[in-house]
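See below for the structure under consideration.
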Amino acid sequence: MTGLVVAMDGPSGSGKSSASRGVARALGLRYLDTGAMYRAITWWMLQQRVDLGDAEAIAARAADPVLLIGTDPDAPAVAVDGVDVAEPIRGSEVTGAVSAVSAVPQVRARLVAEQRAIIGAGDIVVEGRDIGTVVAPDARVKLYLTASAEARAQRRTAELAGTTVEAQQAAMARRDTLDSTRKAAPLAKAPDAVELDTTALNLDEVIAEILRLVKERT
Ligand code: DC
């Protein structure tokens, strides 16, 4: 198992985060949530009142925030300039702004370099949008998780208070379009990734299927 990298890509609500953490726990691997890194930088840009409609303004500040991200699947920690941001990065303000920040090539270049440094020698499950295509194209196991738009919206609604399935479905469709049509490293399935539709599967079934695939490849 030494050196194993499991790349988990897919849109939000596809079940990536829970499945990635479950697989990491089951195999005693580290876990990296790259979406949390883009969210943390976005939180910082909002704090600094950077104009998020101005890609050059974002690029000019991309190197400034000091980011710390943990790799424990049981306690995924994330801090910016020494502030624990694990909670605020899940809020609607950051969620609504993160696609604009993550589309900026300077932000991506910085974070991809940090992600590769963390991945290092491997033994890690990495989730995101461009892991199998850009960050870790040599990963031994690549998954691309999908689910129907309705199932994804239902899962996200169950996690959040004060929202409806319809509102979530509209917000997710907007974010998916932005994430898949941007120029820099858009959300995409790597040609050699295994696509797993999680619509009709529960979490244990998704994890079991991924563990089966890992066993087959190792
Ligand atoms: O997985 P998430 O919803 O926490 O990701 C938040 C945003 O970050 C997502 O809308 C797109 C961006 N992202 C990205 O561009 N590349 C990644 N590897 C991970 C996330």
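Note that ligands are numbered from 1 as they come in the structure, with each ligand's atoms numbered from 1 the same way.
- With R90 contributing its side chain and R39 its backbone, the two residues share no donor-acceptor pair below 3.5 Å.
- A side-chain donor-acceptor contact under 3.5 Å links T157 to the backbone of A153.
- Around ligand 1 you find K16, T34, G35, Y38, R39, R90, V98, S99, S102, R108, G128, R129, D130, R175, D179, R182, each with a heavy-atom distance below 4.0 Å.
- Note on K16 versus D33: no salt bridge recorded, every NZ/NE/NH1/NH2 to OD/OE distance being 4.0 Å or above.
- Y38 and R129 share no donor-acceptor pair across their side chains, judged by distance under 3.5 Å alone.
- Within the 3.5 Å criterion, the main-chain N or O of D130 finds a donor-acceptor partner in the side chain of D9.
- Judged by distance alone, the side chain of T42 and the main-chain N or O of V101 form no donor-acceptor pair under 3.5 Å.
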